[in-house]
Amino acid sequence: MNSSEFSRRDFLMRSLTGVSAAWLTAQWPEILAAHEHARQAVASVAPPKLEFFTTAQAADVEAICAAIIPTTDTPGAREAGVVYFLDRGLMTFGQDQREPFIAGLGAVTEVSKQLFPAAASFAALPAAQQVEVLKTLEAMKPGETDKGGASLNGKNETAGKLTEIDGAQVFGMFRFATILGFFSNPEDGGNRDGLGWKLLDFKPSMAHFPPFGYYDKQYREQHAAAHPGKKP
Amino acid sequence: MRAATAKFSPSEAVDFAIVGSGAAGGVMARELSRAGFRVVVLEQGPDVREKDFQHNELKYIFQSAISNDWKIEPNTFRHTESEKARVQPALLYGRCVGGSSVHFTGNFWRFHEIDFLERSTVGPVAGAALADWPITYADLEPYYTKVDWEIGVSGAPGPFDPWRSKPYPLPPLEIKSSGALLERGARKLGWHPQPAPMAILSRDYRGRNACVHCGYCESFGCEVGAKSSVLAAMIPDAEKTGRCEIRANSYVREISTDAAGRATGVIYFDAQKREIFQKANAVVLCANGAMTPRLLLLSKSSRFPGGLANSSGLVGKYLMFNGAGLASGQFEYPLNEYKSAVVTRVLFDFYRLDPKLGLYGGGGIDLRLDMLPIVFALAGLPPDAPRWGAEFKAQLAQNFTRSVNSFGHTTSLPVETNSISLDPDVKDAWGLPAPRVTYKDHPEDLKTAKFFQDRGLELLRAAGARKVWPIPFPEQQMGVHLLGTCRMGNDPKTSVINTDHRTHDVPNLFLCDGSSLVTGGRGQPTMTIQALAFRAADRMIALAKRGELGAVRAATRKG
Ligand SMILES: Cc1cc2nc3c(=O)[nH]c(=O)nc-3n(C[C@H](O)[C@H](O)[C@H](O)COP(=O)(O)OP(=O)(O)OC[C@H]3O[C@@H](n4cnc5c(N)ncnc54)[C@H](O)[C@@H]3O)c2cc1C
């Protein structure tokens with residue numbers, strides 16, 4: 001819920017009075033109260049605290065998410081607090097995802113060490129190397145790392161550990177998780193300040209008014225010129 | 001805001017126990033209670049009302065807020081009978097008071113005359129059990145009109161429409177950019193766009209509010225009551241009679257029968273998973289095209305070893321999902337498709353394909369982007385776009401407001417092996433066998449869908465898209481239109497219900513929902529499901545008045 005959703009509120013209340021159905025006029029305060037509650041839930045969150053991830057895990061998760069939706073000239077997954085969404089999710093609705101998620105982090109660490117043996121962690125790598133790790137992971141197919149020379153830039157001394165990993169699936173899980181955290185409602189813990197929605201120019205509101213977009217605006221103008229006084 | 005509703009004791013035999021409060025069940029509840037009968041509606045889902053609905057994509061799309069939750073109600077799926085079915089989501093429907101009419105998109109097309117007569121018009125199709133309906137468009141037209149006016153439908157006539165006895169009660173919804181582009185592209189191609197018939201109010205109507213264009217529409221509940229769900233349009237009337245109880249959180253597991261083979265009531269689990277028997281003089285199943293046949297199969301007994309009302313062996317067979325031919329496009333300027341109802345213009349030039357094309361069936365085409373931010377980020381970009389990183393992010397930013405899909409809604413043939421059956425191994429959270437879905441698109445349906453995809457690509461190009469691409473359609477593995485599994489017919493050997501929606505085998509058991517359809521139409525079944533429900537209620541009321549429904553005899557009762 002971003003603020004534009006509520007800036008229209010008074011307008012709506014006014015537009016509803018008298019003109020609109022009795023039913024809605026009666027329901028509306030209750031509906032608004034529910035949405036207001038959701039909004040306040042966001043406003044009142046204390047500075048987020050990690051409950052599920054360790055600090056080291058959180059750093060890796062944040063770095064993975066930031067590679068998927070990076071900070072560019074606009075904010076990315078890091079600024080939108082995606083890691084806090086995921087931390088909260090794994091404590092609540094996504095408890096059944098804990099195991100694959102932690103296993104996935106393990107795979108990222110493993111590939112990091114394979115490619116860059118000096119790496120302390122995925123998070124500690126420079127951005128370009130993080131991208132290389134994730135690309136490698138994304139391309140890994142179970143069993144393939146065993147095939148001579150094909151694996152991990154030839155650094156296959158310990159590749160055996162990774163032979164069971166379906167890298168595309170693991171990477172897909174992180175991509176999915178990042179997207180959920182970046183674009184879901186702020187009250188669910190991510191998409192801080194509606195940053196994800198701002199990126200898309202998505203402006204949720206309790207009500208919108210025509211014209212909705214460029215082409216229907218143009219359509220209305222053309223229609224008005226051709227049929228003055230008539231509704232399109 | 002609810003009327004003081006009736007409350008019945010399970011041991012008191014009501015006139016009708018209705019299973020399911022969805023598109024058909026809601027109509028049935030209103031019509032039967034208004035005719036003077038005592039009605040209990042057993043609905044497995046929760047009692048959510050307008051004030052409970054939220055604008056939350058995560059909860060509504062990814063966490064089954066008002067739809068069936070596969071975590072507790074698993075489905076299994078396989079393409080053919082020779083495979084072992086795997087656990088995977090294969091059925092999607094609304095699981096709440098109001099059923100799938102709450103979260104549906106509101107596209108509300110009548111069937112045309114041809115849809116009732118496909119077997120005699122196009123002849124047999126190999127591998128399909130194409131059949132004519134035992135009723136025609138003319139039989140159903142008064143009920144289509146009734147749905148228009150009772151439910152509230154917005155629209156305007158178009159050149160390919162079937163005849164209608166009364167105009168639309170409400171003018172079309174405000175045009176969106178997708179509608180404007182559809183008109184532009186279609187006109188260039190010599191086609192005939194028209195306002196889309198939608199079960200969403202364009203004006204205040206009967207105490208309900210007009211659409212406020214919030215855009216949280218498909219997959220969401222409408223908190224202003226503008227979507228013409230049965231929750232907004234039918235259930236309040238039913239409750240007002242004082243003769244109808246909507247009993248939520250009541251999951252029916254069996255229809256009980258007596259030694260004479262008549263239904264005596266239903267057994268259900270309440271919210272605490274206690275088993276309760278609700279006595280009824282007649283039972284009406286409106287649990288949808290997947291759950292109605294499942295319930296019949298679950299109700300097998302020594303008298304009905306193959307499942308209840310299944311002497312034909314056809315319960316659960318001829319499942320139809322409808323087909324789809326999809327394409328996508330990006331435009332120069334923002335459309336902002338996330339606002340308002342999903343669809344505002346539609347094309348019916350290909351409703352009935354020219355037989356010279358060598359294609360069976362037909363359909364309609366609209367433009368829409370039924371994707372909110374999460375789904376768009378997951379699946380809205382073209383296949384050549386990066387899937388992550390800075391360029392991915394830039395393309396999302398550029399195209400969320402500028403994208404639109406072309407959606408060709410098409411036929412699907414009744415194929416005997418496409419079916420709902422009981423999974424032999426997998427159980428739901430109540431210990432009941434999971435519905436097993438067997439489904440493989442008929443090759444003719446895939447050909448038709450491809451034709452519609454190609455027209456969609458043409459349409460997007462003609463509308464001025466700067467990039468277009470086809471959305472691949474692998475064989476379907478998930479149904480949202482659940483049709484045809486207890487088909488209507490005059491012959492008890494080849495159908496499950498008669499034209500009164502009475503099962504051939506059990507005289508006081510009626511089925512009315514998506515399962516009743518003989519053929520699947522062209523993609524938007526719910527208008528027809530509800531017309532059938534109004535008609536079925538009339539037939540049942542007439543039967544009861546003639547004393548043909550045993551103890552169901554209530555029309556003069558005061559309440
Ligand atoms: C996302 C989405 C969009 C859609 N958009 C459109 C559209 O634009 N146009 C269109 O025509 N159609 C659309 N549909 C399909 C439409 O919703 C269905 O065709 C229609 O609602 C089916 O009506 P029904 O009465 O057969 O069943 P439903 O509306 O599904 O109602 C069945 C009810 O029975 C309940 N039930 C099932 N089993 C039991 C049991 N054992 N005990 C108790 N209760 C039970 C269910 O919980 C449900 O409430 C859409 C569907 C989905 C999922």
Side-chain angles (χ1 to χ4, degrees), chain A residues 1 5 12 16 19-28 30-31 33-35 38 67-70 72 74 76 93 96 131 134 138 171 175-176 178-180 182-185 187-188 196-197 199-220 231-232, chain B residues 1 50-59 62-63 71 171 174-181 183-184 204-210 212-216 223-226 331-340 344 372-374 376-378 387-390 392-394 396-397 400-401 463:
Chain A
M1 218 74 26
E5 179 136 0
L12 264 169
L16 288 168
V19 209
S20 275
W23 182 87
L24 179 59
T25 318
Q27 296 286 322
W28 198 250
E30 213 172 347
I31 293 167
H35 286 258
I68 292 167
I69 303 184
T72 54
T74 52
F93 59 83
D96 57 343
V131 168
L134 293 182
E138 195 183 13
F171 181 79
R175 178 178 184 267
F176 180 64
T178 306
I179 287 171
L180 281 189
F182 196 63
F183 292 113
S184 54
N185 287 17
E187 71 263 23
D188 291 321
W197 292 346
L199 176 75
L200 302 181
D201 204 25
F202 171 62
K203 298 178 183 134
S205 171
M206 295 297 287
H208 292 290
F209 301 88
F212 305 113
Y214 177 88
Y215 301 97
D216 57 294
K217 180 164 186 286
Q218 192 185 46
Y219 181 99
R220 285 186 175 81
K231 233 187 120 45
Chain B
M1 218 64 86
E50 282 83 354
K51 65 174 170 38
D52 304 314
F53 295 137
Q54 295 176 24
H55 290 184
N56 187 316
E57 189 186 2
L58 179 68
K59 286 193 182 137
F62 294 93
Q63 296 175 354
K71 283 188 187 156
E174 293 277 0
I175 193 167
K176 300 213 301 183
S177 282
S178 51
L181 288 171
E183 282 207 13
R184 179 200 280 186
D204 293 354
Y205 188 67
R206 297 197 174 180
R208 290 164 48 210
N209 199 82
V212 295
H213 313 298
C214 77
Y216 282 89
E223 66 261 24
V224 307
F331 286 81
E332 188 175 0
Y333 298 106
L335 288 71
N336 298 325
E337 281 303 299
Y338 68 84
K339 298 180 183 180
S340 197
T344 59
L372 285 169
I374 299 173
F376 184 80
L378 289 171
R387 287 166 46 80
W388 54 286
F392 168 65
K393 185 183 167 201
L396 289 179
F400 175 69
T401 58

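Chain naming here is simple, since letters A, B, ... match the order of the sequence lines and numbering starts at 1 in each. Source: prediction; values computed, not measured. Hydrogens, waters and symmetry mates play no part in the numbers below; they use all other heavy atoms, side chains included.
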* **Interchain contact, Phe176(A) with chain B, by part (heavy-atom threshold 4.5 Å)** => both
* To do: Fit a plane to each ring of Tyr338(B) and His208(A), take the angle between them on a 0 to 90° scale, and name the class: parallel (under 30°), tilted (30 to 60°) or perpendicular (over 60°).
  => perpendicular
* Spacing of Lys71(B) atom NZ and Phe93(A) atom CZ [to the nearest 0.5 Å] -> 9.0 Å
* **Spacing of CG belonging to Leu372(B) relative to CG belonging to Leu200(A), to within rounding of 0.5 Å** => 10.5 Å
* Drop me the distance from His213(B)'s NE2 to Ser205(A)'s OG, to the nearest 0.5 angstrom. => 11.5 Å
* Structure fact -> From the list Tyr333(B), Phe376(B), Phe62(B), Phe400(B), the residue making the most non-hydrogen contacts under 4.5 Å with chain A is Tyr333(B)
* Structure fact -> Assert top hit (heavy-atom pairs under 4.5 Å, partner chain A, pool Pro334(B), Ala180(B), Pro373(B), Pro171(B)) equals Pro373(B)
* To do: Return the minimal non-hydrogen interatomic distance between Ala390(B) and Pro70(A), and the atom names on each side.
  => N-CG, 3.4 Å
* Structure fact -> All heavy atoms of Phe392(B) vs all of Ile69(A), minimum pair found to be CE2-CG1, 4.4 Å
* Examine whether an atom of Arg387(B) lies under 4.5 Å from a heavy atom of chain A, and if so say whether it belongs to the side chain, the backbone or both; otherwise answer neither. => both
* To do: Could you tell me which portion of Glu174(B) (side chain, backbone, both or neither) has an atom closer than 4.5 angstrom to a non-hydrogen atom of chain A?
  => both
* side-chain hydrogen bond (donor to acceptor under 3.5 Å, both in side chains) partners of Asp216(A), counting only residues at least two apart -> Arg220(A), Ser177(B)
* **Segment of Thr178(A) engaging chain B (4.5 angstrom heavy-atom cut-off)** => neither
* Asked: Checking heavy atoms, do the side chain of Leu58(B), its backbone, both or neither come under 4.5 Å from chain A?
  -> side chain
* To do: Evaluate the side-chain proximity of Leu134(A) to Trp388(B): yes if any heavy-atom separation is below 4.5 Å, no if none is.
  => yes
* What distance do Leu378(B) atom CG and Phe183(A) atom CZ have between them, rounded to the nearest 0.5 Å? -> 9.0 Å
* Asn56(B) side chain near Glu187(A) side chain, heavy-atom distance below 4.5 Å -> yes
* Asked: If you measure from NZ on Lys217(A) to CG on Asn336(B), what distance do you get to the nearest 0.5 Å?
  -> 12.5 Å
* Given Met206(A) and Val212(B), is the side chain to side chain contact (heavy atoms under 4.5 Å, CB included) satisfied, shown in steps? -> CA-CA 8 Å; Met206(A) 295 297 287; Val212(B) 295; over 6 Å; no
* Residue Glu332(B) versus chain A: region with a heavy atom under 4.5 Å -> both
* **Inter-residue atom distance Phe212(A).CZ - Thr401(B).OG1, 0.5 Å rounding** => 15.5 Å
* To do: Go through Asp52(B), Leu181(B), Thr344(B) and name the one with the most non-hydrogen pairs under 4.5 angstrom from chain A.
  => Leu181(B)
